[in-house]
Visitor: 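Okay, here's the structure, questions in a sec.
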Amino acid sequence: MSEALLLVSFGGPEGPADVVPFLQRVTRGRDIPPERLAVVGEHYFHFGGVSPINEQNRALRTAVELALAAAGRDLPVYWGNRNWDPLLADALGAMAADGVEHAYAFFTSAYSSYSGCRQYRENLAEAAAAVPGAPQVDRIGPYFNHAGFVTPFVDSAFDALGRLPDDVRDSARLVFTTHSLPQTQAETSGTTGGAYVAQHREVAALVADAVSQRTGVSYGWDLAFQSRSGPPSQPWLEPDVGDHLTSLHAAGVPGAVIVPIGFVSDHMEVVWDLDTQAQERADALGLPVARAATPGTDPRFVAMVVELVGERLDAVPVGRRPRLGDFGPSPDRCEAACCPNPRGPRPALAQGPPDEAGRSR
């Protein structure tokens, strides 16, 4: 059987003319007023109308292709987005034209949530239904607790501490950030609920413990949220990272390191929400902050992708796949009740119980 790897991501505009159509596609069916789109659009125009995410995915695709070849895995790598070119249907069409019969989908989202997992599976099901001869697609599960994802954050948090002034470094606070979600989605994430926040807290604790061991300083830490996009009347996860920096300053904390564990690369929600807005808030407070880098194309992250694919190709039982912390490896397939669509059930790929070996087919 001809197989491939499919890199699945969010997508982003690559020029000023793309910004409004991109935002319209992202918010389709969500009744977002035009004035809100105009505000968000300014974030992209601040960077010339270009989101970093597509270039970052091109770099990741190239790095994974090289790493697969070096590992002796004869597996082509395709790439498709939810919201901008290349779209998932285009990627599945290219695979069908190339004779690919089966693909493993790697999501650029490490955690369990509707928008970070199930929605991509719905997107894939919709795309497959529109493409004659589309390959069968199975997803690679959440990888938040894999060493290839966690360890780069340990190093980047340590490096960020080194950029703080000497007199505040040992008393600084680690502020871990991720994308905020509606509370209802957070509460129903995973199979039994609450997985999104619990998984992030697990990663934060792993990183903080490793940094403390390396430095000999016991650093306190918090989990904050960013990039809220819902109406004020809808409860979302809090605290917002900017508000949290204000609270830390009021409490006498002399500095902070922001560690964006919710993101695999430095895309728009990192360079705008953290490097621009949060930095401006910190500057206004007189609070020294440094932002840790995301994994991007760190060789350990790239090697993780190859390892995750290898676990599937070699039918390694789920229970024998190494992971950090207490959660253990994620199953290959999602149960029907996992991360439900708040608007009602829709077809989704890679759903149902795995076989005894942990395989999804």
Side-chain angles (χ1 to χ4, degrees), residues 6-11 24-32 80-84 87-93 95-96 102-144 178-200 227-231 233-237 262 312 318 327 329-355 358-361:
L6 174 61
L7 177 65
V8 178
S9 195
F10 191 81
Q24 289 172 335
R25 184 180 184 91
V26 171
T27 60
R28 185 175 53 193
R30 293 171 56 189
D31 197 28
I32 304 295
N81 293 322
R82 171 185 293 164
N83 294 303
W84 203 248
L87 295 171
L88 288 172
D90 300 327
L92 293 182
M95 284 192 282
H102 177 262
Y104 291 108
F106 175 85
F107 302 163
T108 58
S109 173
Y111 301 86
S112 298
S113 71
Y114 170 68
S115 59
C117 184
R118 188 186 189 96
Q119 188 175 3
Y120 280 125
R121 296 191 295 110
E122 292 175 350
N123 298 149
L124 285 165
E126 182 180 14
V131 175
Q136 177 189 343
V137 180
D138 288 307
R139 74 96 160 92
I140 292 171
Y143 47 87
F144 62 94
T178 189
H179 204 299
S180 185
L181 294 179
Q183 286 187 4
T184 52
Q185 288 189 31
E187 291 166 358
T188 58
S189 59
T191 303
T192 58
Y196 184 74
V197 172
Q199 290 171 359
H200 279 85
S227 314
R228 177 192 170 120
S229 59
S233 59
Q234 184 183 41
W236 280 55
L237 292 173
R312 304 299 294 277
V318 171
F327 275 82
S330 301
D332 291 336
R333 296 174 72 87
C334 294
E335 296 184 15
C338 186
C339 302
N341 186 330
R343 292 175 292 278
R346 290 183 58 196
L349 298 185
Q351 185 163 293
D355 63 20
R359 293 171 295 192
S360 58
R361 57 184 180 89

Visitor: For G116, does its backbone N or O pair with a side-chain atom of S109 as donor and acceptor, under 3.5 Å?
Guide: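 Between the backbone of G116 and the side chain of S109 there is a qualifying donor-acceptor contact (under 3.5 Å).
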
Visitor: Is any side-chain heavy atom of S113 less than 4.5 Å from a side-chain heavy atom of L181?
Guide: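 SC-SC contact between S113 and L181 confirmed.
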
Visitor: Closest approach of R118 and C338, non-hydrogen atoms and distance?
Guide: NH1-O, 2.9 Å

Visitor: I need the Y111 OH to Q199 CD distance, nearest 0.5 Å.
Guide: 8.0 Å

Visitor: Mind listing the closest non-hydrogen atom pair of P347 and A125 along with its distance?
Guide: O-CB, 3.6 Å

Visitor: Quick one, R82 and F107 - any side-chain contact, counting heavy atoms below 4.5 Å?
Guide: no

Visitor: Any side-chain heavy-atom pair from Y114 and T188 closer than 4.5 angstrom?
Guide: no

Visitor: Taking side-chain contact (heavy atoms from CB on, under 4.5 Å) as the criterion, tell me which of P331, S330, C334 meets it with P142.
Guide: S330

Visitor: How long is the straight-line distance from CD of Q234 back to OG1 of T184, given to the nearest 0.5 Å?
Guide: 6.0 Å

Visitor: For R343, does its backbone N or O pair with a side-chain atom of N341 as donor and acceptor, under 3.5 Å?
Guide: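 Yes.
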
Visitor: Taking all non-hydrogen atoms of both residues into account, name the closest pair between S180 and L237 and its distance.
Guide: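 Looking at all heavy atoms of both residues, the shortest contact is OG-O, 2.8 Å.
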
Visitor: Is there side-chain contact between L6 and L92, with at least one heavy-atom pair below 4.5 Å?
Guide: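 Yes; the side chains approach each other to less than 4.5 Å.
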
Visitor: Identify the heavy atoms of C339 and S112 that sit nearest to each other, and give their distance.
Guide: SG-C, 4.0 Å

Visitor: Would Y196 and T178 satisfy side-chain hydrogen bond (donor to acceptor under 3.5 Å, both in side chains), going step by step from the backbone distance to the final call?
Guide: CA-CA 10 Å; Y196 184 74; T178 189; 3.1 Å; yes

Visitor: Does some side-chain heavy atom of R25 sit less than 4.5 Å from a side-chain heavy atom of L87?
Guide: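 The answer is yes, as the side chains (C-beta and beyond) meet within the 4.5 Å cut-off.
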
Visitor: Between F10 and T108, which heavy-atom pair has the shortest distance, and what is it?
Guide: N-OG1, 4.4 Å

Visitor: Write down the atom of P135, the atom of H102, and the distance for their closest heavy-atom approach.
Guide: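 So the two residues come closest at CB-N, 3.8 Å.
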
Visitor: Looking only at the side chains, is there a donor atom on one of Q185 and S115 sitting less than 3.5 Å from an acceptor on the other?
Guide: no

Visitor: Between OG of S9 and CH2 of W84, what distance do you get to the nearest 0.5 Å?
Guide: 15.0 Å

Visitor: Is the backbone of L349 close enough, under 3.5 Å, to the side chain of R121 for a donor and an acceptor to pair up by distance?
Guide: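 Pair found, side chain donor or acceptor close to backbone of L349.
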
Visitor: When rounded to the nearest 0.5 angstrom, what is the spacing between CG in N83 and OG1 in T27?
Guide: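 The CG atom of N83 sits 9.5 Å away from the OG1 atom of T27.
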
Visitor: Rounded at 0.5 Å granularity, tell me how far CD in E335 sits from CD in Q351.
Guide: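 Those atoms lie 9.5 Å apart.
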
Visitor: Answer whether the closest heavy-atom distance between the side chains of R333 and D138 falls below 4.5 Å.
Guide: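 Answer yes - side chains close enough.
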
